[in-house]
Amino acid sequence: MQNPVVLFKLPHLPSSRPSYHSPFLSLIIRHKKLSKARRPREREWSGSGNSRSRSCSGGGVWAMPCSAIAGAGGGGGDGNGALTNFKLNESTFLASLMPKKEIGVDRFIDAHPNYDGRGALIAIFDSGVDPAASGLQVTSDGKPKVLDVLDCTGSGDVDTSKVVKADDNGCIRGASGASLFVDSSWKNPSGEWHVGYKLVYELFTDTLTSRLKKERRKKWDEQNQEEIAKAVKHLQEFDQKHSRVDDINLKRAREDLQNRVDYLQNQADSYDDKGPVIDAVVWHDGEVWRVALDTQTLEDNPDCGKLANFVPLTNYRIERKYGVFSKLDACTFVANVYDEGNILSIVTDSSPHGTHVAGIATAFHPKEPLLNGVAPGAQIISCKIGDSRLGSMETGTGLTRALIAAVEHKCDLINMSYGEPTLLPDYGRFVDLVDEAVNKHHLIFVSSAGNSGPALSTVGAPGGTTSSIIGVGAYVSPAMAAGAHCVVEAPGEGLEYTWSSRGPTSDGALGVCISAPGAAVAPVPTWTLQKRMLMNGTSMSSPSACGGIALLVSALKAEGIPVSPYSVRKALENTSVPIGSLPEEKLSTGQGLMQVDKAHEYLRQCRDVPCVWYQIQINQSGKTTPTSRGIYLREASAFQQSTEWTVQVEPKFHEGASNLEDLVPFEECIELHSSDKAVLRAPDFLLLTHNGRSFNIVVDPTKLSEGLHYFELYGVDCKSPWRGPLFRIPVTITKPIAVISRPPLLSFSRMSFLPGHIERRFIEVPLGATWVEATMQTSGFDTTRRFFVDSVQLCPLQRPLKWESVVTFSSPAAKSFSFPVVGGQTMELAIAQFWSSGLGSHETTIVDFEIVFHGININKDEVVLDGSEGPTRIEAEALLTSETLAPVAILNKIRIPYRPVESKLCSLSTDRDKLPSEKRIMALTLTYKIKLEDGAEVKPQVPLLNNRVYDTKFESQFYMISDANKRIYTMGDTYPSKSKLPKGEYNLRLYLRHDNVQYLEKLKQLVLFIERNLEEKDVIRLSFFSQPDGPLMGNGSFKSSVLVPGKKEAFYLGPPSKDKLLKFSPQGSVLLGAISYGKLSYVDKGERKNPLKNPVSYQISYIVPPNKLDEERGKGSSTSTKSVSERLEEEVRDAKIKVLASLKQGTEEECLEWNKLSSSLKSEYPKYTPLLAKILEAVLSRNNDKDKISHEKEVIDAANEVVDSVDRDELAKFFALRSDPDDEEAEKIKKKMETTRDQLAEALYQKGLALAEIESLQGDKPAEAEGAEGEEKIEDLSQPASDLFENNFKELQKWVEVKSSKYGTLSVLREKRAGRHGTALKVLNDVIQDDGEPPKKKFYDLKISLLDDIGWQHLATHERQWMHVRFPPSLPLF
């Protein structure tokens, strides 16, 4: 037996501190404040000095001796980065850009050059990887680097279910309407071509889209300016030629020229580029599915980008080929075909983040070895989980599909640099799937801990909160600081980044497992127009660790040692080098800085040791719930006495382990060690078998000082103590300071700060406190200082209640803050000087921090007004000190409930949506009908599902809002966003996924709310009263008073006045707003009108009652003066007309039947306008493809019959007089006359359209002017066509506004016929803007034809691209 390597060390941790990024850094995982609607994501790749991404974390102030393994330096130093005369040279500078020495990679590769990741396959769960990026083509041994590229989100999906055939010339009709020629050499045995199209900007990142828009706008402006110059020249020439324009025709001609100039200038102001459209063609060549794209719209050269010139692609994993859209965008894409050719996935990245992550883990640069990734021999698959439609935010769909792909490809590792806060650690649908992948399929899952430090308990899900995932914190070495970050002077030793998230989790688990370098200059996608860039964050430390683990996997496979995530994790934890000297540093750094070489030696020693994960479940004795993974004593009540805890240790083998060979023989004699027996007492020994064992421990915190304390109980194998701790039970104790002074005030004086230093104070927030007013005074420094100031409280089943501020002091000064708190809960106050702030200054910053607690306690945390006229009584008191009671309440939102009008449940394709367990995922699509009476900013809300990605048992959700034309206005997922929608009717489709159909069945009537902000003029300000009758009588108004401790005061909140309720407030809807009771003591601007701007506010809601009954309802209708026989005759007539309207005219026989009945009715009811209007309506609905001119003549005949049936003189006389609105009979006559006028106007309008169409057809096809039976031309009618059209138009003018949206088309055609295209465009634009309904396609078709006629091709092209946005042929795929 080999001599054991002593690798075991006692637990320890670095003092946590806030983390931040300086202006030249990038931070990827963004955990935003919980008050924000959108969840934090690791997606920003360009950092700024005022941006911050973090979670809660905390630290303490006492020390405990720890052993450490030397040699984990940070480039040039000793220990874990201490420097002596540190200086970079070129090679050490380049090495610092891709840090590897810090984690022992250099030593490992020097000893084992072939264990550089060869044989290891990593799944990159991220924003997508560019296979064309520098260093991602081949491995160090010449194998393909990227084995597959997948879009798991569906954001690049194209519906290619439409199938077309090519004509004899090889031409097909693309889905966009373009004519496309296929290459004759392409094999397609079936002759079927699947077609689809995509707006290319939907595939690009916002950054790339912005760059392309600038380039395209520049070219468009050049073309537009050229056309403006021509138009102005024509106008000047006209003015020179015509000194006077008295003639009406000259006036109209000049107006037309001026309108052309105005139109071009207005287009420049309103230009909005929605991007080019690319056509996609999919076919089966007899062996595989092939894909070709037509990208001509992206190219300047019309000969480039043609479909026939495209080199066909197939699914990436088959041939590993990719394409580039155009030289201008330089954007790489991959194609994958699913569902038998009906879905094409065009895969692009949603940010540079994923490529950067992949480069850190595996990049191979044969000519620049110092810039190699950690494991240049490893291969990867790219699983895009960042949805391009959501700005690269992950979705449940993307996460689930990514796990399916990782298992299918038999990956060894997964890296995921994404996450967010969670209310329940180690819980949720994704966590369940991860557990299965790790335990059953032996996948090693590595993930970022989060960038929400420096406070405690800020680790994010899933990386920092999931037991089966290795969560990684971010470390910076002196070499990294000097090289990658270019600081003036490197820190004296390595440290955790200020913003790196800290543990423990809310259930006491450590949170951070290990640390790794958290910054690198790594490859980025080609569309960024650079090879590599600097990013920092735990998003970078995770792939650094993952790459290091890939080296271990490479070694284990080469040496024939079984690869298990359990043994690998144990090796990492038990060989890491401590960062810092305090035990509580572990909450920041985990077990320390990983060391690849030492982990490898550990795994060699353990090759014959069973692969076991020790599951820890802890309950306080006497309680069955809650169950935790550690002990976390945080609240003041926990320190009054000792507590006893029951610990259950259960060894977990991988699924499939043999009962007889693995489970039965398993038996370990465990020696239990406490890091401090005065505080943490446990049995000395434990005999552990496969079925587990429980034991009790006692924690005595009573003698501890105030602040942070960290202890561990760990178990060591008595027979093999060299293995180190087999399991650890973390015990975190934060003993708070009690606030006993009155007024409740705490001062922390003369705190000294150097770069990276963190001061933590744990405070028992006094009962009755609801907000804090704090002042921070700095002194004693020269150069600018940046601080993080965080406040964190933990409440059950809530995400950490966190307030945060980044404060910059350019010189000594004082700054004030205020933030809400929860009384009776421990608050951590973390103050940290950013790790690189003040480097090179050598001046210590002195900080004085003062906190004053304030509070007004009320008897209602949430006020609900029930819709009645009665006021709501509110009781208030101040428990701490005198406070000004100045209540303010507003209602500024409305939330309207909807139930689905349609639900569809379907089983998804097995291509992407079959779980490793063989279960098929189901999808439920719910459709809601929404109507907006006016434009509004709306936000969909599904209370059951919103604001949870990881801590939910549901898989995913996604919604799209579209209009009647299928135009998508907005989309979103579990974090809905506000979107501005114009007036109109909309469909909201909500898409839910799960493999359990019973869950989906229960959601078929899921209630959804549409929440909208009220305009400022509609905001309702509520009144307060000192008397219960105040709202009705209008007296006893309550404004403010002073609350004295020990004395309660009450007042009434009145409901909103009924006349202030909005017309769009239906019964059952809820008006929402906020109410506040106090105000800041240092603000002297009087009472604030907005409670949301006060230190603390609460939600208030008003349930909208039933509408008042219509006062006119119930009045008896006047008795009809007609006889029974007359009424019967009318009923029969109307019934016959109704039957006529219901008849179809699809076949020749049906048309004959209709003609027969219509002729009969016309003879029976001659000159009856409603009948003739119905006949005209039926004629218009007929298919007119065969003989258009004959059809238009039928329309004219039918319209003439309607016109002739109306006594226009009588109609004109009626509308010349006013009717009495109180005379019911007069109102009936008025309604009848208005109907007749509308029927007359519609007939004249349709006649005008028909005349114009005939004129157009005769102009285009003179030969068709006469029918087969010698029909006369239109000119041969009673008068010339121009006179007919003009006379008809003038007649229409008498009755309606001809430039309205309903009749405006005729006005446009009139101007077009006269050659006044500029005026026609102006009229058409006015018509479109005045149209309150969804846009009508006919208007935009007409606009394009006018632009084509004028010759403004740049505008016509722009409008054609917009047509795909306004009038898509179908709704997009989810």
* Hey, are the side chains of His353 and Met540 touching, using non-hydrogen atoms and a 4.5 Å cut-off? -> yes
* Straight-line distance of Leu839 CG to His842 NE2, nearest 0.5 Å -> 9.0 Å
* Which heavy atom of Gly503 sits nearest a heavy atom of Val512, and at what distance? -> N-CG2, 4.3 Å
* To do: State whether Phe753 and Arg785 meet the cation-pi test: NZ (Lys) or CZ (Arg) under 6.0 Å from the six-membered ring centroid, and within 45° of the perpendicular axis.
  => no
* **Side chains of Pro744 and Arg742 in contact at under 4.5 Å (non-hydrogen atoms)** => yes
* Asked: With a 4.5 Å limit on heavy-atom distance, are the side chains of Leu587 and Thr732 in contact?
  -> yes
* Going by the angle between their ring planes, with limits at 30° and 60°, are Tyr1098 and Tyr1077 parallel, tilted or perpendicular? -> tilted
* If you take all heavy atoms of Leu510 and Pro730, which pair is closest and at what distance? -> N-CG, 3.9 Å
* Option among Ser96, Ser477, Ser544 that satisfies the side chain to side chain donor-acceptor pair (under 3.5 Å) test with Glu102 -> Ser477
* Asked: If only atom types and distance count, is the side chain of Thr884 paired as donor or acceptor with the main-chain N or O of Ala886 below 3.5 Å?
  -> no
* Does the pair Arg728/Glu712 count as a salt bridge with the N-to-O cut at 4.0 Å? -> yes
* To do: Determine, step by step, whether Val772 and His854 satisfy the side chain to side chain contact (heavy atoms under 4.5 Å, CB included) criterion, reporting the C-alpha distance in whole Å, the side-chain angles of both residues, the deciding distance to 0.1 Å, and the verdict.
  => CA-CA 6 Å; Val772 160; His854 294 264; over 6 Å; no
* Structure fact -> Between the CG atom in Leu767 and the CD atom in Gln825, the distance rounded to the nearest 0.5 Å is 9.5 Å
* **Residue pair Val847, Phe781: steps toward the side chain to side chain contact (heavy atoms under 4.5 Å, CB included) verdict** => CA-CA 10 Å; Val847 173; Phe781 63 93; over 6 Å; no
* To do: Applying side chain to side chain contact (heavy atoms under 4.5 Å, CB included), run through Asn536 and His485 and close with a yes or a no.
  => CA-CA 9 Å; Asn536 66 185; His485 291 301; 3.4 Å; yes
* Taking only residues two or more places apart in sequence, or in another chain, which ones meet Val488 in a side-chain contact (heavy atoms from CB on, under 4.5 Å)? -> none
* Asked: Does the side chain of Thr826 come within less than 4.5 Å of Gln793's, by heavy atoms?
  -> no
* Asked: Is there side-chain contact between Arg761 and Phe748, with at least one heavy-atom pair below 4.5 Å?
  -> yes
* Side-chain (Ser542) to main-chain (Ser539) donor-acceptor, under 3.5 angstrom -> no
* To do: Answer yes or no: is there a donor N or O on one side and an acceptor on the other, between the side chain of Thr778 and the main chain of Ala813, under 3.5 Å?
  => yes
* Asked: Does the Thr538 side chain pair with the main chain of Gly450, one donor and one acceptor, at a distance under 3.5 Å?
  -> yes
* So, Asn1094 and Ser1097: side-chain donor and acceptor under 3.5 Å apart, yes or no? -> no
* To do: Could you list the residues that satisfy side-chain hydrogen bond (donor to acceptor under 3.5 Å, both in side chains) with Tyr632, not counting sequence neighbours?
  => Ser457, Arg634
* Nearest-0.5 Å distance, OG1 of residue Thr770 to CD1 of residue Ile856 -> 6.5 Å
* Mind checking whether His757 and Trp835 have ring centres under 6.0 Å apart? -> no
* Side-chain donor-acceptor pair present, Ser515, Glu496, cut-off under 3.5 Å -> yes
* **Qualifying residue for side-chain contact (heavy atoms from CB on, under 4.5 Å) with Leu633, from Thr734, Ile733, Val731** => Ile733
* Charged N to carboxylate O below 4.0 Å: is that the case for Lys802 and Asp790? -> yes
* Quick one: are the ring centres of Phe853 and Trp771 less than 6.0 Å apart? -> no
* Asked: Minimum heavy-atom separation for Pro517 to Leu593, with atom names?
  -> CD-CD1, 4.4 Å
* **Note, Gln833 side chain near Leu754 side chain (heavy atom, < 4.5 Å)** => no
* Given Val789 and Leu829, is the side chain to side chain contact (heavy atoms under 4.5 Å, CB included) satisfied, shown in steps? -> CA-CA 7 Å; Val789 183; Leu829 175 68; 4.1 Å; yes
* To do: Measure the spacing between CD of Glu828 and OG of Ser791 and express it to the nearest 0.5 Å.
  => 8.5 Å
* Asked: Taking all non-hydrogen atoms of both residues, which atom of Gln591 and which atom of Ser576 are closest, and how far apart?
  -> O-CB, 3.6 Å
* **Interatomic spacing from CD1 in Ile763 to CG in Leu746 - rounded to 0.5 Å** => 5.5 Å
* **Spacing of Tyr497 atom OH and Met480 atom CE [to the nearest 0.5 Å]** => 3.5 Å
* Just by modelled atom types, is the Ala474 backbone N or O under 3.5 Å from a matching donor or acceptor in the Ser500 side chain? -> yes
* Asked: Does any non-hydrogen side-chain atom of Ile360 lie less than 4.5 Å from one of Lys100?
  -> no
* For Glu635, does its backbone N or O pair with a side-chain atom of Glu764 as donor and acceptor, under 3.5 Å? -> no
* Asked: Can any side-chain N or O of Ser674 pair as donor or acceptor with the backbone N or O of Asp676 at less than 3.5 Å?
  -> yes
* Could you pull out the closest heavy-atom pair between Met98 and Val521, with the gap in Å? => CE-O, 3.7 Å
* Measure from NZ or CZ of Lys815 to the centre of the six-membered ring of Phe809, then state whether that distance is under 6.0 Å and the direction lies within 45° of the axis. => yes
* To do: Taking only Lys NZ, Arg NE, NH1 and NH2, and the carboxylate oxygens of Asp or Glu, determine whether Glu883 and Lys1079 approach each other closer than 4.0 Å.
  => no
* To do: Could you check if a side-chain atom of Thr784 sits within less than 4.5 angstrom of a side-chain atom of Thr808, using non-hydrogen atoms only?
  => yes
* Asked: Between Ala814 and Thr775, which heavy-atom pair has the shortest distance, and what is it?
  -> CB-CG2, 4.4 Å
